[in-house]
Amino acid sequence: MTGATGKLGRLAVEALLERGVPAERIVAAVRTPDKAADLAERGVQVRRADYDAPDTLASALAGTRRLLFISGSEVGRRVPQHRNVVEAAVAAGVELIAYTGILNCDTTRMTLAEEHRATEAVIRESGLPYAFLRNGWYFENYTENLAPALESGALVGAAGDGRIAAAARADYAAAAAAVLTEDGHAGKIYELGGDASFTMAELAAELSRQTGREIVYRNLSEEEYAKALVSAGLPEPYAKALADSDTGVARGDLTTDSGHLRALIGRPTTSLADAVAAALKD
């Protein structure tokens with residue numbers, strides 16, 4: 001898999017091991033192998049793979065049968081980078097490429113979806129058998145940084161009353177592991193999201209319930225939210241992309257009732273209450 005030292009990638013490695021895949025059959029393709037030393041110690045093959053260096057991709061993917069292609073994080077540069085990965089996969093004779101995109105990729109108008117749509121097109125044009133894992137939002141997008149909300153008594157955003165079918169990263173990792181280890185997924189497009197959607201106001205209410213403090217959701221315009229994110233220290237392009245994504249949430253772009261995630265992992269997805277409880281415990 002690519003991106004194996006990222007948060008999703010590490011969970012996907014664990015999910016594969018839990019499914020009984022021998023460590024030596026897992027290849028962790030990473031930009032900085034030193035960061036995967038712990039995986040190597042467990043028997044996982046660690047190979048250098050830089051999306052900007054096609055020669056490293058060719059050697060990293062050599063002998064790969066099924067590839068979990070975790071999308072890159074460099075927004076604005078991902079299409080050429082992803083094309084390099086796909087071309088290396090073609091050269092390696094990969095039998096299945098499972099790409100992690102974004103929920104409702106065909107219909108959402110979110111800026112972040114543009115590179116995912118382009119990548120899916122590159123994969124289709126390559127002729128490789130594929131499975132598209134269109135991941136919804138992670139609970140961790142909200143729960144990994146609750147301190148400002150707990151201190152101020154308010155969550156802020158531009159999502160309005162839009163519903164979010166989020167799930168835990170571990171849920172998405174388990175789905176990816178299922179696709180890699182089972183047959184019958186070629187040509188499938190999975191719209192992945194949690195069993196129950198929520199609004200930001202409902203997230204604030206759950207935080208209030210579990211902390212015993214009054215926490216509200218304060219809705220801003222897209223422009224106001226972007227400015228607030230910049231004031232919090234985010235680079236302006238990234239802040240604008242996040243604010244645009246919240247506008248997408250308000251339109252309903254990040255919700256689904258497909259049931260695909262639950263079906264792939266064979267259990268209910270992580271609930272909002274459990275996600276909040278785990279974050280507060282940490």
Side-chain angles (χ1 to χ4, degrees), residues 1-73 78 81-82 84-101 119 123 126 128-135 138 140 167-188 190 192 260-261 263-267 269-270:
M1 71 182 66
T2 65
T5 52
K7 293 178 179 179
L8 178 62
R10 284 187 172 278
L11 289 170
V13 170
E14 295 299 331
L16 287 170
L17 292 171
E18 289 173 5
R19 280 182 160 261
V21 178
E24 63 272 14
R25 292 185 57 192
I26 301 172
V27 174
V30 298
R31 180 175 294 181
T32 309
D34 287 349
K35 294 182 178 180
D38 59 315
L39 297 179
E41 289 174 0
R42 298 172 68 183
V44 174
Q45 296 184 54
V46 175
R47 300 177 186 175
R48 180 168 178 262
D50 187 330
Y51 289 176
D52 290 313
D55 57 326
T56 66
L57 295 170
S59 57
L61 300 189
T64 299
R65 289 185 56 241
R66 298 182 179 182
L67 173 64
L68 175 58
F69 177 13
I70 296 177
S71 57
S73 59
R78 291 189 286 189
Q81 290 176 333
H82 290 178
N84 289 339
V85 176
V86 174
E87 290 176 351
V90 171
V94 168
E95 297 174 9
L96 178 74
I97 182 168
Y99 173 70
T100 62
T119 299
I123 292 171
S126 75
L128 286 174
Y130 64 81
F132 291 151
L133 309 179
R134 293 177 172 173
N135 290 350
Y138 305 138
E140 290 86 348
R169 275 198 191 93
D171 295 335
Y172 295 111
V179 169
L180 289 182
T181 56
E182 299 170 355
D183 294 326
H185 296 288
K188 298 294 182 64
Y190 295 111
L192 302 178
H260 290 168
L261 182 54
L264 283 173
I265 64 180
R267 59 168 172 78
T269 63
T270 302

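Side-chain atoms are counted along with the backbone in the values below, which use heavy atoms only and exclude waters and symmetry mates. The structure displayed is predicted, hence computed values, not measured ones.
Side-chain atoms of H82 come within 3.5 Å of backbone N or O of G72 as a donor-acceptor pair.
L96 has its side chain within reach of V179: a pair of non-hydrogen atoms, C-beta onward, lies under 4.5 Å apart. No side-chain heavy atom of K188 sits under 4.5 Å from any side-chain heavy atom of L264. Residues Y99 and V86 have side chains not in contact (no heavy-atom distance under 4.5 Å, counting atoms from C-beta outward). Looking at V13 and M1, their side chains come closer than 4.5 Å, going by heavy atoms from C-beta outward. Taking 4.5 Å as the limit, some side-chain heavy atom of V46 sits within range of a side-chain heavy atom of V30. Contact annotation: the side chain of L39 never approaches that of I26 to less than 4.5 Å [non-hydrogen atoms, C-beta and beyond]. Residues L11 and Y172 fail the side-chain proximity criterion, which asks for heavy atoms closer than 4.5 Å.
To the nearest 0.5 angstrom, I123 atom CD1 is 4.5 Å from I97 atom CD1. Here the CD-OG1 distance, from E140 to T270, works out to 8.0 Å after rounding to the nearest 0.5 Å. Between atom CZ of residue R169 and atom CG of residue N135 there is a gap of 10.5 Å, rounded to the nearest 0.5 Å. With rounding to the nearest 0.5 Å, the separation of CZ in R267 from CG in D171 is 4.5 Å.
With sequence neighbours excluded, no residue satisfies side chain to side chain donor-acceptor pair (under 3.5 Å) with R48. With sequence neighbours left out, the side chain to side chain contact (heavy atoms under 4.5 Å, CB included) criterion links D52 to R31, D50, E74, R77, Q81. For the side chain to side chain contact (heavy atoms under 4.5 Å, CB included) test, residues two or more places apart in sequence or in another chain that qualify with A88 are L57, L61. With sequence neighbours excluded, the residues satisfying side chain to side chain donor-acceptor pair (under 3.5 Å) with Q45 are R47. In this structure, T100 has no side chain to side chain donor-acceptor pair (under 3.5 Å) partners at least two apart in sequence or on a different chain. Legend: residues meeting ring-ring contact (aromatic ring centres under 6.0 Å, His included) with Y130, ordered by chain and number and at least two apart, are F132. For K7, the side chain to side chain donor-acceptor pair (under 3.5 Å) partners at least two apart in sequence or on another chain are E144. A search for side chain to side chain contact (heavy atoms under 4.5 Å, CB included) contacts involving A23 returns L17, V44, not counting sequence neighbours. For P54, the side chain to side chain contact (heavy atoms under 4.5 Å, CB included) criterion is met by N84, not counting sequence neighbours.
Listed here is the closest heavy atom pair of A177 and A15: CB-CB, 3.6 Å. Contact record, A12 with L68: CB-CD2, 3.8 Å, taken as the closest heavy-atom pair. Taking all atoms of both residues into account, the shortest heavy-atom contact from A175 to I265 is N-CG2, 3.5 Å. Considering every non-hydrogen atom in both V27 and A60, the closest pair reads CG1-O, 3.9 Å. When every heavy atom of S71 is checked against every heavy atom of R78, the shortest pair comes out as OG-NH1, 4.3 Å. Contact between V94 and P129 at its shortest, heavy atoms only, is O-CD, 4.4 Å.
Among pairs with a residue in residues 87-101, those fulfilling salt bridge (Lys or Arg N to Asp or Glu O under 4.0 Å) read R65-E95, at least two apart in sequence or across chains. For residues 178-187, the set of pairs meeting the salt bridge (Lys or Arg N to Asp or Glu O under 4.0 Å) definition, not counting sequence neighbours, comprises R19-E182, R66-D183.
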